[in-house]
Amino acid sequence: MSKRELRLGNVRVLPKDLFPDFVKGLALFGKVYAPVVRPDGAHVFSPVERVADIDMAHPRTMLSPKKYLFPPETEMYQFSPEKGYFDPPVDTAKTVLLGVHPCDINGMLILDEVFRRYYVEPRYFARRQSLAVIGSSCEPDDKCFCKSMHSEYVDKGFDLFLTDIGDAHFVRMGTSIGDDIVAANPAVFRPVEDEDVRAYKHAENCRAQAYKAQVELDSLPQILELEYDSRVWKEAGDKCLSCGTCSSVCPTCYCYDLFDRLNLDVASGARVRRWDSCLFREHALVAGGHNFRDGRDSRMKNRYFHKQVGFVSEFGRPSCVGCGRCIEACPANISIIEMIKSLREEVKV
Amino acid sequence: MAKPRVGIFGLTSCAGDQLVVVNLEDELLDIVGAIDLRSFIMAASHPVEDEFDVALVEGSVVTGEDEERVKDIRAKSKLLGAIGTCAVWGGIPGALNHVGRNTLYQAVYGTEEDLFKAREARPLRDVVKVDFSLSGCPVEKHQLVQALLSLLHGDLPSFPTVPVCQDCRFKENVCLLKTKGQLCLGPVTAGGCLARCPSHNIGCEGCHGPLDEVNFAAEAALLEEKGLPRERIARVVRNFAHQADLARIM
Ligand code: SF4
Ligand code: SF4
Ligand code: SF4
Ligand code: SF4
């Protein structure tokens, strides 16, 4: 429990029948976005129109909240003969992200590191600072392996965190904004009682037992290095369609492409940043037609090495948070859990 | 600076790409004002065909006349761009390339006589040097505008080479291939259409043609696993890009 030590002053209880009032009260802190069930059944972070559309418990949304911080396409700068280079406006409208799961909060914390380590990306942090994050607990399914990636809990990165304890949410306050939200909505919260603490502990324990999927992290970077030439890469490369889906849906993939979009005067325009994927052939194509990663197997390998080897040595943890999105979405049914298992098997031989 | 001399031409095709040019309502006046449009039969009579800085050619090379025409255009043009999937991949005129023209003559004209010196539909690059390509059936308006602006700026048009799936994911569509087992060629098809068909619950038919490197074999195997007959898969792939290394899927 050391990581989750709670000072009882920082917790409250939000009875579920008051949840609609709670959501209403959030409007004061920005436009509210939450996992909403679309008519086609997909769970998507969207503006909340009706509280009844919110489904915070579903394991994963199609795209992660990455899309609000680092949108699929962004204008990095604009240019014109008169004004030279100049910044396009950044949308800094106050935004409340409600129902963000621990894996995705950890995903955002990872992106924070990436976007400030060598060069601070101002657009990213302008958006980041306009976000209030209200985390929520979840029920792992057979594709969630956040626990293996040490991403199943959060002790920072949220303003409030709601844990489902039956007919109420156990609310942790993470920041002063969280405090403000509670202070501004006194009628929807009540103090924590012993019974709530018991229910909270119970919920946490149940969740810890609920994991079905697992990836062993021990010496994984070394195993990947040892299995650099493994048939596992070749087999996955033969199956992979280079569709880039795994990168698009990943809360921590941050590669991008840059290109210019011209206006009709052919003198002004914008430099556009667009999500890229290392599974695309052109990702490592350079001048002269040379490609560092010509084969799909080497591109596949790159994705795993970046997340599980390179990121670990640079940032001290894998950049994968175990959200299971790439497993759920890959049309070729390539699973990171199975891949890592196979590679581990190879070492045993 | 003199305005670039431009010609827009059609070979065997439906003229759909030329129509996209005419339909550029908002941008047309700006663009036409910036160029010297010398030949564009669809929009103006009295073409002047001496020299072009840029030729945009739609359609595939099917008849003897097509072949002569595109060679002549090439000889007169500094840059030649293939516009539309027919010009880039052979397109729909090539959908039945594997059947043989005499059989098709027989079916359509009741004779096997080679009336138009027709042969298998070929993309322009099989016949002449092509400097840039813009696929699509028809080409996407937004890509055409950017291509024309790039040319005016003095650059060869280029676009992110990503599959249809990327925009489909950006839109957070439910994946037809993965989730519904539908035939969708999104993973092997060049993007640009903003995932038009999957966004309407219809599998991508590949109208933009394939990307340079695609894994048809794996896509075909996957579709077969989902119970789609090989012949149906082959037919859809052939519709727009007969040349797309069909050997690998048949
Ligand atoms: S690699 Fe896959 S499981 Fe890991 S964070 Fe990215 S999408 Fe989630
Ligand atoms: S989602 Fe699957 S098929 Fe698509 S690029 Fe990733 S690994 Fe390859
Ligand atoms: S529906 Fe088609 S285009 Fe969209 S992600 Fe799935 S395979 Fe790709
Ligand atoms: S989804 Fe496929 S068939 Fe539909 S417009 Fe796009 S490329 Fe063409």
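Remember, predicted model here, so these are calculated numbers, not experimental data. Reckoned from all heavy atoms, side chains included, excluding hydrogens, waters and symmetry mates.
Residues passing the ring pair (Phe, Tyr, Trp, His ring centres under 6.0 Å) test with B:F240: none are found, sequence neighbours excluded. Residues that satisfy the ring pair (Phe, Tyr, Trp, His ring centres under 6.0 Å) test with A:F86, not counting sequence neighbours, are absent from this structure. Under the rule for a side chain to side chain donor-acceptor pair (under 3.5 Å), the partners of A:T252 that lie at least two apart in sequence or sit in another chain are A:K307.
By number of non-hydrogen pairs under 4.5 angstrom with chain A, the leading residue of B:P160, B:C165, B:C175, B:A221 is B:P160.
When every heavy atom of B:V162 is checked against every heavy atom of A:F280, the shortest pair comes out as CG1-CE1, 3.5 Å. When every heavy atom of B:V174 is checked against every heavy atom of A:A42, the shortest pair comes out as CG2-CB, 3.7 Å. Closest non-hydrogen pair, B:L149 versus A:V266, comes out as O-CG1, 3.5 Å.
Around atom CZ of A:F292, no more than 12 heavy atoms belonging to other residues, nucleotides or ligands sit under 6.0 Å away.
Interface remark: A:A267 contributes no atoms to any contact with chain B (heavy atom separation under 4.5 Å). Residue B:L148: no heavy atom, backbone or side chain, is found under 4.5 Å from chain A. Heavy-atom distances place the side chain of B:L177, and not its backbone, under 4.5 Å from chain A. Heavy atoms closer than 4.5 Å to chain A are found nowhere in B:V188, neither backbone nor side chain.
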When you scan chain A against chain B, which donor-acceptor pairs turn up at less than 3.5 Å?
from   : atom 1 : to     : atom 2 : distance (Å)
A:R38  : NH1    : B:E172 : O      : 3.1
A:R38  : NH2    : B:E172 : O      : 2.7
A:L63  : N      : B:E172 : OE1    : 3.0
A:K67  : NZ     : B:E172 : OE2    : 2.5
A:D238 : O      : B:N215 : ND2    : 2.8
A:C240 : O      : B:N215 : ND2    : 2.8
A:T245 : OG1    : B:R169 : NE     : 3.2
A:L262 : N      : B:Q146 : OE1    : 3.0
A:L262 : O      : B:Q146 : NE2    : 3.0
A:R274 : NE     : B:Q166 : OE1    : 3.0
A:R274 : NH2    : B:Q166 : OE1    : 2.8
A:R274 : NH2    : B:D167 : OD1    : 3.4
A:R274 : NH2    : B:D167 : OD2    : 3.3
A:W275 : O      : B:Q166 : NE2    : 2.6
A:E282 : OE1    : B:T161 : OG1    : 2.9
A:E282 : OE2    : B:T161 : OG1    : 3.2
A:R296 : NH1    : B:E213 : OE1    : 3.2
A:R299 : NH1    : B:E213 : OE2    : 3.3
A:R299 : NH2    : B:E213 : OE1    : 3.1
A:R299 : NH2    : B:E213 : OE2    : 3.3
A:A329 : O      : B:R169 : NH2    : 3.4
A:C330 : O      : B:K178 : NZ     : 2.8
A:N333 : OD1    : B:K178 : NZ     : 2.8

